[in-house]
A.B. asks: 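Submitted below is the structure of interest, expressed as structure tokens.
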Amino acid sequence: MIDLTFAFYYVLLGVGVGFIAGLVGVGGGGLTVPAFTLLFTAQGLAGQEVVHMALGTSMAAMVFTTFSSMRAHYTQGHVNASLVTRMAAGAMVGTLIATTIAAAVNGVVLAVFFSLFMLYVAYKMFRSKSDKRNPKPHTAVTNISIGSLIGMVSALVSVSGAGMIVPYLMGQNLNVKQAVGTSAAIGFPLAVAGTLGYLVNGWQHTSLEQLTFGYIYLPAVALFSLASYFSAPLGVAYATRLPAVSLKKVLGVLSLLLSLKMLTHIVGEMGLV
């Protein structure tokens, strides 16, 4: 049985990340991966595979977060079905490939890659965006190819890809609300594919005693997902009332700080410093 203190932490994390996912259209991986890494270490889970477990668990939890966010945005008419179909197909293929690669990579390498990626995300959060219209939006083939690349990066760092998808979609002449809603819809199949990838590629680490299946810790997924499923629609409802642009900048910095904390913690645990 999971300790009640940790159960509370997973529920609290789910409430916060679910709200943020609905508010600014992100899957929350930038927050959940370092948080899960620290919590799993404190619980004595996974050992040397703790980063892999955090990535897989975060991706599995993201299935419910992105579904809730996608449904809320769809009911408000903010989802471009055509772009979802094209990009999701590529994203799922790229995600499955990347999870196979991630399973063979050392945890410290993954932690470094994650931290560098979050540094890039923080930079993009602060970078001013252009509102110029693109006279030549990409073809279906290019949409699929871009989706595949985003899927690969997303699976390696266990994010929904919103930080890459939203700017890309805005470059394809979607307004902010459409870009966020469509990104959420693409993030759902991406999360499903990533979950299957981390489940299959980490199956040798399954432990019924600890309730881990592949690289997925089931209690964290259940508690986090239940909380985030109900809080994500609240974030969508408040999306037009709060300064989402400013919030994204704060989230970028917070995600970076958490990922750096995760990196130093993992390096210290493995005796590399």
Side-chain angles (χ1 to χ4, degrees), residues 21 25-30 32-33 51-71 73-74 79-105 109-110 113-114 116-118 120-121 124 137-172 174 178-205 213-216 221 225:
V26 297
T32 57
V33 172
V51 177
H52 296 79
M53 191 71 70
L55 290 167
T57 302
S58 178
M59 189 65 79
M62 206 180 299
V63 170
F64 300 92
T65 307
T66 54
F67 178 78
S68 181
S69 180
M70 174 186 69
R71 187 180 66 170
H73 282 290
Y74 181 78
V79 176
N80 185 306
S82 177
L83 278 169
V84 169
T85 302
R86 297 173 188 174
M87 294 192 68
M92 292 178 74
V93 173
T95 297
L96 290 172
I97 293 173
T99 52
T100 303
I101 296 173
V105 176
V109 175
L110 285 175
F113 183 74
F114 181 87
L116 291 176
F117 177 79
M118 292 315 302
Y120 168 76
V121 170
K124 293 291 287 185
H138 291 160
T139 63
V141 174
T142 304
N143 291 154
I144 294 172
S145 300
I146 294 296
S148 180
L149 291 174
I150 290 175
M152 291 186 70
V153 175
S154 297
L156 286 173
V157 293
S158 196
V159 297
S160 68
M164 296 171 281
I165 297 173
V166 170
Y168 174 76
L169 292 177
M170 291 180 67
Q172 299 304 296
L174 269 64
Q178 290 176 326
V180 170
T182 303
S183 173
I186 295 170
F188 172 64
L190 188 157
V192 171
T195 299
L196 291 175
Y198 279 110
L199 178 68
V200 172
N201 289 296
W203 189 251
Q204 68 272 24
H205 299 286
F213 297 86
Y215 286 129
I216 299 169
V221 173
S225 300

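These numbers were taken from a predicted model, which means no experiment stands behind them.
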A.B. asks: Once the angle between the rings of Tyr215 and Tyr198 is folded into 0 to 90°, is it parallel (under 30°), tilted (30 to 60°) or perpendicular (over 60°)?
C.D. replies: perpendicular
A.B. asks: Is the number of heavy atoms from other residues, nucleotides or ligands within 6.0 Å of OH (Tyr74) greater than 12?
C.D. replies: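 Open: at most 12 neighbouring heavy atoms sit under 6.0 Å from OH of Tyr74.
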A.B. asks: Do Asn143 and Gln172 make a side-chain contact, defined as non-hydrogen atoms from C-beta onward lying under 4.5 Å apart?
C.D. replies: yes
A.B. asks: To the nearest 0.5 Å, what is the distance between CE on Met87 and CD1 on Ile150?
C.D. replies: 4.0 Å
A.B. asks: Quick one: closest heavy-atom pair of Ala103 and Asn201, and the distance?
C.D. replies: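 Result for this residue pair: CB-CB, 3.6 Å.
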A.B. asks: Considering all heavy atoms of both residues, which atom of Met59 and which atom of Ser154 are nearest to each other, and what is their separation?
C.D. replies: CE-O, 3.8 Å
A.B. asks: Quick one: CD1 on Ile165 to CG on Leu190, what's the gap to the nearest 0.5 Å?
C.D. replies: 6.5 Å
A.B. asks: Please report the closest heavy-atom contact between Ala179 and Met170, naming both atoms and the distance.
C.D. replies: CB-CG, 3.7 Å
A.B. asks: Check Thr57, Leu110, Thr99 against His52 for a side chain to side chain contact (heavy atoms under 4.5 Å, CB included) and give me the one that passes.
C.D. replies: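 Filter result, single survivor: Leu110.
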A.B. asks: Between Leu174 and Leu83, what is the shortest heavy-atom contact and its length?
C.D. replies: CD1-CD1, 3.5 Å
A.B. asks: Please check if atom CZ in Phe64 has more than 12 non-hydrogen atoms from other residues, nucleotides or ligands closer than 6.0 Å.
C.D. replies: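 No, not enclosed.
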A.B. asks: Determine, step by step, whether Thr142 and Thr139 satisfy the side-chain hydrogen bond (donor to acceptor under 3.5 Å, both in side chains) criterion, reporting the C-alpha distance in whole Å, the side-chain angles of both residues, the deciding distance to 0.1 Å, and the verdict.
C.D. replies: CA-CA 5 Å; Thr142 304; Thr139 63; 3.3 Å; yes
A.B. asks: Working to the nearest 0.5 Å, report the span between CD1 of Ile186 and CG of Leu169.
C.D. replies: 5.0 Å
A.B. asks: For the residue pair Phe188 and Val192, establish whether any side-chain heavy-atom pair is separated by less than 4.5 Å.
C.D. replies: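 Yes, at least one pair of side-chain atoms sits under 4.5 Å.
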A.B. asks: Taking all non-hydrogen atoms of both residues into account, name the closest pair between Thr32 and Ser58 and its distance.
C.D. replies: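 Shortest heavy-atom contact: OG1-OG, 2.5 Å.
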A.B. asks: Measure from the side-chain N and O atoms of Ser148 to the backbone N and O of Ile144, and report whether any donor-acceptor pair falls under 3.5 Å.
C.D. replies: no
A.B. asks: Grab the two heavy atoms, one from Ala60 and one from Val221, that are nearest each other, plus how far apart they are.
C.D. replies: CB-CG2, 3.8 Å
A.B. asks: Under 3.5 Å, side chain of Thr182 to main-chain N/O of Val79, donor-acceptor pair present?
C.D. replies: no
A.B. asks: Report yes if the side chains of Asn80 and Gln178 come closer than 4.5 Å at any heavy-atom pair, otherwise no.
C.D. replies: no
